[in-house]
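The structure appears right after this line, and notes come after that.
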2 protein chains.
Amino acid sequence: MKLTSKGRYAVMALVDLARFNNINPVSLRDISLRQGISLDYLEQIFSKLRKKEIVQSVRGTQGGYILNKKTKEIKLTNIFDAVDEKVKTVQCKKESKKGCNGKLTKCLTHNLWDELENHINNFFEQKTLEDLVKDNSEKRI
Amino acid sequence: MKLTSKGRYAVMALVDLARFNNINPVSLRDISLRQGISLDYLEQIFSKLRKKEIVQSVRGTQGGYILNKKTKEIKLTNIFDAVDEKVKTVQCKKESKKGCNGKLTKCLTHNLWDELENHINNFFEQKTLEDLVKDNSEKRI
DNA sequence: AAGATACTTGACTATTTTAGTCAGGTTTAT
DNA sequence: ATAAACCTGACTAAAATAGTCAAGTATCTT
């Protein structure tokens, strides 16, 4: 069970962006250098973040990205959603209401995995970008 | 972020085993049929469970596996440990005490991933096989 | 107007992980 | 003896991941 780089990078990049997001937009190049993430990969990620209106882009020289909402209003859930980082614990599809894997009843551990999924999603639901920025406010880079 | 089949199967199989574990050992063939898990794959999984002393094997005809501990004493943590299902949220290795990715400080989101890891592990630490068996005691198969 | 910077998009690909399969055993109850 | 069931290690196909690459477009600065 592991977090993918895409989700991790998205959060890292947004924290970085939030910290340097004063007046001017922050370029992906800077984030790439500071966080050690491939520029091309960042572009993919920010394309998705933009579509979900988490960031706004500013084109041209001195361009870059700015946050589209207050840090308090950006939950981890939103970020992961945007980049398709999903929490998957079960194989059985939810559509088939009758049971799992073609059987008539739920698989023995179905409730467990549902619980686990909720447990993890709760965590993501409660954390906001603001929390993360605060958490780092005393550190040096 | 997803749970692998190995971990899921291990838990499913052990719940199955726990329910049918009266006097006689339960054969993998039966578990395989009931749970729809490949026999060969189950053998790999049970080999690991045996090494970690979660189950005991009985060879020969009428053989199979029995639990080596009380259901109350088997935590999800133990099961996942045995089959190498790990919760990984960070890339940065823990050994390098100074920081992440060769830098001098922790990466901006390091604490977050640590928290997340703990959050998930807590869940696994608290659930026992007993809980799962009880949860299913009224269901039909 | 030119040039540089930086966003934009889509296609492509190497690597790794996962989820098994397969083959050839060994042990033991009947 | 033989069949059921455990045991082990090597192998492999498919999927997912983590990028790279190429060819743009927009806009600021000079």
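A distance-only check finds a donor-acceptor pair linking the side chain of N121(A) to the backbone of E117(A) [under 3.5 Å]. E85(A) contributes a side-chain N or O that, together with a main-chain N or O of G7(A), makes up a donor-acceptor pair within less than 3.5 Å.
Cation-pi geometry between R8(B) and F80(B) is not satisfied (NZ or CZ under 6.0 Å from the ring centre, within 45° of the ring normal).
Each end of the helix from dA1(C)-dT30(D) to dT30(C)-dA1(D) gets its own axis from five base pairs, and the two axes differ in direction by 10°, given to 10 degrees.
One finds no side-chain N or O of S57(B) lying less than 4.0 angstrom from the OP1 or OP2 phosphate oxygen of dA5(D). Close to dT9(C), at under 4.0 Å from its OP1 or OP2, lies a side-chain N or O of R50(A). Remark: R29(A) is not in phosphate contact with dA4(C), judged by side-chain N or O atoms under 4.0 Å from OP1 or OP2.
E53(B) and N68(B) form no side-chain donor-acceptor contact under 3.5 Å, judged by distance and modelled atom types alone.
Rounded to whole Å, atom P of dT15(C) lies 19 Å from atom NZ of K6(A). Put simply, CD on Q56(A) is 16 Å from C1' on dT8(C), counting in whole angstrom units. The CD atom of E85(B) sits 11 Å away from the C1' atom of dT18(C) (whole-angstrom rounding). Going from atom CG of N24(A) over to atom P of dA6(C) covers 12 Å, rounded to whole Å. Atom P of nucleotide dC7(D) and atom NZ of K48(B) are separated by 15 Å, given to the nearest angstrom. One can place CG of L42(A) at 14 Å from P of dA18(D), the figure rounded to the nearest angstrom. Here dT17(C) presents its P atom at 13 Å from CG of D84(B), a figure rounded to the nearest Å. With rounding to whole Å, L3(A) atom CG is found 15 Å from dT17(C) atom P.
Evaluated for a side-chain contact (heavy atoms from CB on, under 4.5 Å) with D135(A), the options N111(B), T109(B), L112(B) yield exactly one hit, N111(B).
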message = Base contacts versus sugar-phosphate-only contacts with protein, heavy atoms under 4.0 Å: please encode nucleotides 20-30 of chain C as B, S and - from 5' to 3'.
response = BBB--BBBBB-

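Here the straight-line distance linking atom CD1 of I79(B) with atom NZ of K52(B) works out to 13.0 Å at 0.5 Å rounding.
Heavy atoms of Y65(A) sit under 4.0 angstrom from primed sugar atoms or phosphate atoms, though from no base atom.
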inquiry  = Is there a salt bridge (charged side-chain N to carboxylate O under 4.0 Å, His left out) between K75(A) and E125(A)? Walk through the geometry before answering.
reply    = CA-CA 6 Å; K75(A) 299 177 197 166; E125(A) 187 68 25; 2.6 Å; yes

key: T128(B) and E73(B): CA distance, side-chain angles, deciding distance, side chain to side chain donor-acceptor pair (under 3.5 Å) verdict   = CA-CA 7 Å; T128(B) 69; E73(B) 289 159 1; over 6 Å; no

request  = Test salt bridge (charged side-chain N to carboxylate O under 4.0 Å, His left out) on K48(A) and D84(A) and set out the steps.
outcome  = CA-CA 9 Å; K48(A) 295 183 179 202; D84(A) 302 311; 3.0 Å; yes

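Residue order along DNA chain C, read from the 5' end via each residue's closest nucleotide, puts S27(A) first among S27(A) and K2(B).
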